[in-house]
Amino acid sequence: MNATNARKERVRFAPSPTGYLHIGGVRTALFNWLWARKTGGAFILRIEDTDQERSTDESVRVILDSMRWLGLTWDEGPEVGGPHGPYTQMQRLALYKEQAEALIAKGRAYRCYCTKEELDAQRTALKARDPKANFKYPGTCRHRQDQPNLPFVVRFMAPEAGAVTYVDKVFGPVTTPNSAQQDFVLLRSDGVPLYNFGAVVDDAAMGITMVVRGRDHMVNTPPQILLYEAFGHSVPDFAHLPMMLAQSGEKLSKRHGAVSVGEYRDQGYAPWGVLNYLARFGWSHGDQEVFSREELIAAFDWEHCNKSDGKFDAKKFLAVNAEHLKSPRLVPDADYAARTAPFVKARGLDVDAARVLPMVGLVRERATTFVDAADRLDFVFRDPPAIDAAAAAKFVTAASVTLLRELAGVLGGVEPWAVHPLEEATHAWLAKKGLAIKEVAQAARVALTGRTASPGLFDVIAALGRERALARLTAAAHAPT
RNA sequence: GUCCCCAUCGUCUAGAGGCCCAGGACCGCGGCUUUUCACGUCGCUAACGAGGGUUCGACUCCCUCUGGGGACGCCA
């Protein structure tokens, strides 16, 4: 697209498998993925499972499933492999240990024998004196002799003077004084790396050229850059994305409603509808709101990324999704049918995509989700249709029963069984009787669909087919009120 | 408290000094269309946080304030 984008970027999404895939995480993954696709680079998926307390295999599975459902395919990572594997941090422990030793050898890190208890005590004591104080590790073990029999963590020897400056792709230049840093822990006493160390070692090993992540990680960037420099590695570019908050302004969590990809999948959202909403959150392209996958890859850039945090809006999200469902360009009929069929089946109807396919036109402009589509299509596949009692009581009266029977007789002779002939025959009949369609429409609708709201009457009659349509009109006549 | 970041309608956003008494979308509210529900369509409500500069001219640049957010862990 543009000469400055010539570099093929290697980017990564590195979730912690501590639960479902959060909608905010998806946006981070998406922006990474878009950039990889746009630059013809690589999108790497890495599992950061070093928090053994909270990480689970189940969660890894859920995350991979969600990514696949969204269509955010990864070029390197779990299950697909790649030249820099393994792509799960707990399988890379030897590397972290080796790299930590290398830093110690360079004099840029050291073993610390202070126990967690000692440190906690110091922290608590400080807070007791000054509740607002900021506890920093005092560097007690910086020059302590090796203690072969004591457990230790490896700490970074942070510079006390100077500052780190980097140019964020979204936020521009950011400078942080080194005085804000401390001798943070690289390796725990059990040999498992902490976030900043693991991320830097892996990003360097995997040849990551740009780190794209949430703004909540912006504070991690200076220490990470210090690490790159200590190693003598070139520093990647960084792009931080503003955060997606709840309407209340709090961090978006389950108590604000659905936040996991799985929930939206189960609610019948289209994967690309989800991604489209997320793409436009913190990024814009003039007034364009709806994008196909290809359009988004072509249009995406960092210049139009916003810096300010935003609030998740479920209604707008639904609207964007509905926009996708309405468009055959964005969701082709076959895809629409395939995604709707499982939801129809979930209603206890033995229906496959092939049977849904010819019915897509009935709900295309009405349904906002595939679940909604399945609901609106229920009457097509259920025989007899589920009749809403209140609707029947109101519209299927003794008088309308007679009319419906008569209408069935009239329609019985219509050839071919298609919307226009059916409509013409009905109107001719109505004209002869001096009736307005209004006077039979709702009764017919309830008889045919069981509900007062449905697709167009003649579309329904045509879709049902001669036999079933006539049977339903007649059945209603036999079972009034 | 320390360090970092942010600031246009309720929400997502356009806006890169005059094109803006601020545009689009969602939501909300009306009208039209109509056999129902929708779709569609027309319209309405609604914003540049405050104060100083800079400039012939600021939503756009600078400063201060105010208001938000993030981080300060052997979590990620």
Side-chain angles (χ1 to χ4, degrees), chain A residues 14-16 18 48-51 53-55 112 114-116 119-120 123 130-137 151-155 168 171-172 174-177 179-182 184-190 192-196 198-199 213-222 240 242-245 247 249-251 277 280-290 303-304 306-320 322-323 326 363-368 376 391 395 423 426 430 436-446 449 451-458 460:
Chain A
S16 295
T18 56
E48 303 207 333
D49 56 349
T50 54
D51 183 348
E53 303 275 294
R54 300 191 300 149
S55 297
C112 168
C114 298
T115 65
K116 191 174 195 319
L119 263 18
D120 283 346
R123 202 189 325 270
D130 178 2
K132 291 172 177 175
N134 185 13
F135 177 74
K136 279 170 72 166
Y137 179 70
F152 61 87
V153 300
V154 177
R155 283 185 187 272
D168 194 286
F171 287 90
V174 181
T175 298
T176 307
S179 58
Q181 306 304 339
Q182 62 172 320
F184 55 92
V185 175
L186 269 25
L187 229 45
R188 297 172 165 98
S189 46
D190 60 3
V192 176
L194 250 56
Y195 172 72
N196 277 332
R213 71 226 309 193
R215 187 180 62 81
D216 48 337
H217 281 295
M218 197 148 42
V219 71
N220 287 320
T221 305
H240 290 96
M243 303 209 296
M244 187 157 67
L245 307 169
Q247 285 295 321
E250 303 169 284
K251 237 176 175 169
Y277 173 75
R280 280 284 287 110
F281 195 103
W283 174 82
S284 63
H285 188 63
D287 287 339
Q288 188 173 354
E289 305 256 356
V290 179
E303 291 70 39
H304 293 87
N306 257 160
K307 299 189 187 81
S308 51
D309 296 341
K311 294 175 181 174
F312 175 80
D313 184 347
K315 284 185 174 162
K316 178 96 181 186
F317 187 14
L318 214 213
V320 170
E323 211 54 55
K326 273 189 285 195
V363 292
R364 187 122 227 172
E365 298 204 319
R366 296 178 156 73
T368 56
R376 290 168 187 272
F395 293 106
E423 192 165 6
T426 304
L430 286 169
I437 189 165
K438 229 177 169 133
E439 297 170 71
V440 290
Q442 284 305 74
R445 191 182 312 282
V446 172
T449 71
R451 306 182 185 187
T452 54
S454 82
L457 198 52
F458 298 102
V460 166

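By convention in this document, chain letters (A, B, ...) are assigned in the order of the sequence lines, proteins followed by strands, and residues within each chain are numbered from 1.
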Residue pair [X] / [Y], side-chain heavy-atom distance below 4.5 Å:
{"X": "A/Pro455", "Y": "A/Arg376", "value": "no"}
{"X": "A/Lys116", "Y": "A/Arg188", "value": "no"}
{"X": "A/Ser16", "Y": "A/Glu48", "value": "yes"}

Under a 3.5 Å cut-off for both contacts, is [N] paired Watson-Crick or G-U wobble with anything, and if yes, with which nucleotide?
{"N": "B/U36", "result": "none"}
{"N": "B/G10", "result": "B/C26"}
{"N": "B/C48", "result": "none"}
{"N": "B/G1", "result": "B/C72"}
{"N": "B/C20", "result": "none"}

Please state the [atom1] separation for the pair [N] and [M] - nearest whole angstrom.
{"N": "B/G15", "M": "B/C48", "atom1": "C1'", "answer": "10 Å"}
{"N": "B/C44", "M": "B/G49", "atom1": "C1'", "answer": "26 Å"}
{"N": "B/G23", "M": "B/U33", "atom1": "P", "answer": "29 Å"}
{"N": "B/A58", "M": "B/G53", "atom1": "C1'", "answer": "12 Å"}
{"N": "B/C29", "M": "B/G18", "atom1": "P", "answer": "38 Å"}
{"N": "B/U60", "M": "B/A50", "atom1": "P", "answer": "10 Å"}
{"N": "B/C32", "M": "B/A46", "atom1": "P", "answer": "23 Å"}
{"N": "B/A16", "M": "B/G73", "atom1": "P", "answer": "43 Å"}

Show the distances under 3.5 angstrom between N or O atoms of the protein and N or O atoms of nucleotides 45-50 of chain B.
none

Base, sugar-phosphate, or nothing for [X], non-hydrogen atoms under 4.0 angstrom?
{"X": "A/Pro242", "answer": "nothing"}
{"X": "A/Thr175", "answer": "sugar-phosphate"}
{"X": "A/Phe458", "answer": "base"}
{"X": "A/Gly282", "answer": "sugar-phosphate"}
{"X": "A/Thr452", "answer": "base"}

Starting at [atom1] of [X] and ending at [atom2] of [N], how long is that distance when rounded to a whole Å?
{"X": "A/Lys438", "N": "B/U34", "atom1": "NZ", "atom2": "P", "answer": "10 Å"}
{"X": "A/Glu289", "N": "B/U13", "atom1": "CD", "atom2": "P", "answer": "10 Å"}
{"X": "A/Glu423", "N": "B/U36", "atom1": "CD", "atom2": "P", "answer": "13 Å"}
{"X": "A/Phe317", "N": "B/C27", "atom1": "CZ", "atom2": "C1'", "answer": "16 Å"}
{"X": "A/Arg215", "N": "B/G68", "atom1": "CZ", "atom2": "P", "answer": "14 Å"}
{"X": "A/Leu457", "N": "B/C37", "atom1": "CG", "atom2": "P", "answer": "13 Å"}
{"X": "A/Phe281", "N": "B/C6", "atom1": "CZ", "atom2": "C1'", "answer": "14 Å"}
{"X": "A/Ile437", "N": "B/U33", "atom1": "CD1", "atom2": "P", "answer": "17 Å"}

Using every non-hydrogen atom in the two residues, find where [X] and [Y] come nearest and quote the distance to one decimal.
{"X": "A/Ser189", "Y": "A/Val153", "result": "N-CG1, 3.6 Å"}
{"X": "A/Val460", "Y": "A/Ser454", "result": "CG2-OG, 4.0 Å"}
{"X": "A/Cys114", "Y": "A/Leu119", "result": "CB-CD1, 3.8 Å"}
{"X": "A/Val192", "Y": "A/Asp190", "result": "N-OD1, 3.1 Å"}

Using modelled atom types only, decide if a donor and an acceptor are shared between the side chain of [X] and the backbone of [Y] within a distance under 3.5 Å.
{"X": "A/Arg155", "Y": "A/Gln182", "result": "no"}
{"X": "A/Glu439", "Y": "A/Ala441", "result": "no"}
{"X": "A/Asp168", "Y": "A/Val174", "result": "no"}
{"X": "A/Lys136", "Y": "A/Gln181", "result": "yes"}

Checklist entry - Is A/Thr176 near enough to B/C4 that one of its side-chain N or O atoms lies under 4.0 angstrom from OP1 or OP2? => result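 Indeed not, no polar side-chain atom of A/Thr176 lies that close.
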Next on the checklist: OP1 or OP2 of B/G15 versus the side-chain N and O atoms of A/His304: is any pair under 4.0 Å?
Outcome noted: yes
Report, one pair per line, the protein and nucleotides 38-41 of chain B atoms (nitrogen or oxygen only) whose separation is under 3.5 Å.
{"residue": "B/A38", "atom": "O2'", "partner": "A/Glu365", "partner atom": "O", "Å": "3.4"}
{"residue": "B/C39", "atom": "O3'", "partner": "A/Lys326", "partner atom": "NZ", "Å": "3.2"}
{"residue": "B/G40", "atom": "OP1", "partner": "A/Lys326", "partner atom": "NZ", "Å": "3.2"}

Next on the checklist: Within 45 degrees of the ring normal and closer than 6.0 Å to the centroid, is that where the cationic atom of A/Arg445 sits relative to A/Phe395?
Outcome noted: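 So A/Arg445 doesn't make the cation-pi contact.
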Checklist entry - Do A/Tyr277 and A/Asp313 pass the side chain to side chain contact (heavy atoms under 4.5 Å, CB included) test, and can you show the C-alpha distance, the side-chain angles, and the key distance before you say yes or no? => result CA-CA 10 Å; A/Tyr277 173 75; A/Asp313 184 347; 4.0 Å; yes
Checklist entry - Please walk me through it: do A/Asn220 and A/Tyr195 pass side chain to side chain contact (heavy atoms under 4.5 Å, CB included)? => result CA-CA 9 Å; A/Asn220 287 320; A/Tyr195 172 72; 3.5 Å; yes
Is any side-chain N or O of [X] under 3.5 Å from a base N or O of [N], one able to act as donor and the other as acceptor?
{"X": "A/Gln288", "N": "B/G24", "value": "no"}
{"X": "A/Asp309", "N": "B/G69", "value": "no"}
{"X": "A/Lys307", "N": "B/A7", "value": "no"}

Checklist outcome for this item: Protein-proximity profile, nucleotides 71-76 of chain B, B/S/- by nucleotide at the 4.0 Å heavy-atom cutoff, equals SBSBBB
Checklist outcome for this item: Expected label for B/C4 (glycosidic angle, syn inside 90° of 0, else anti) would be anti
Candidate nucleotides [options], ranked by approach to the side chain of [X] - the nearest:
{"X": "A/Asp313", "options": "B/U11, B/G24, B/C5", "result": "B/U11"}
{"X": "A/Met243", "options": "B/G70, B/C12, B/C4", "result": "B/G70"}
{"X": "A/Ser308", "options": "B/C3, B/G24, B/U8", "result": "B/U8"}

Next on the checklist: side chain to side chain contact (heavy atoms under 4.5 Å, CB included), that's the test. Do A/Thr50 and A/Leu194 meet it? Break it down for me.
Outcome noted: CA-CA 7 Å; A/Thr50 54; A/Leu194 250 56; over 6 Å; no
Checklist entry - Which comes earlier along RNA chain B counting from the 5' end, the contact point of A/Arg445 or that of A/Asn306, where each point is its nearest nucleotide? => result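 The residue mapped nearer the 5' terminus is A/Asn306.
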Checklist entry - How do A/Pro455 and A/His285 order along RNA chain B: which one's closest nucleotide is nearer the 5' end? => result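 Nearest-nucleotide comparison on RNA chain B picks A/His285.
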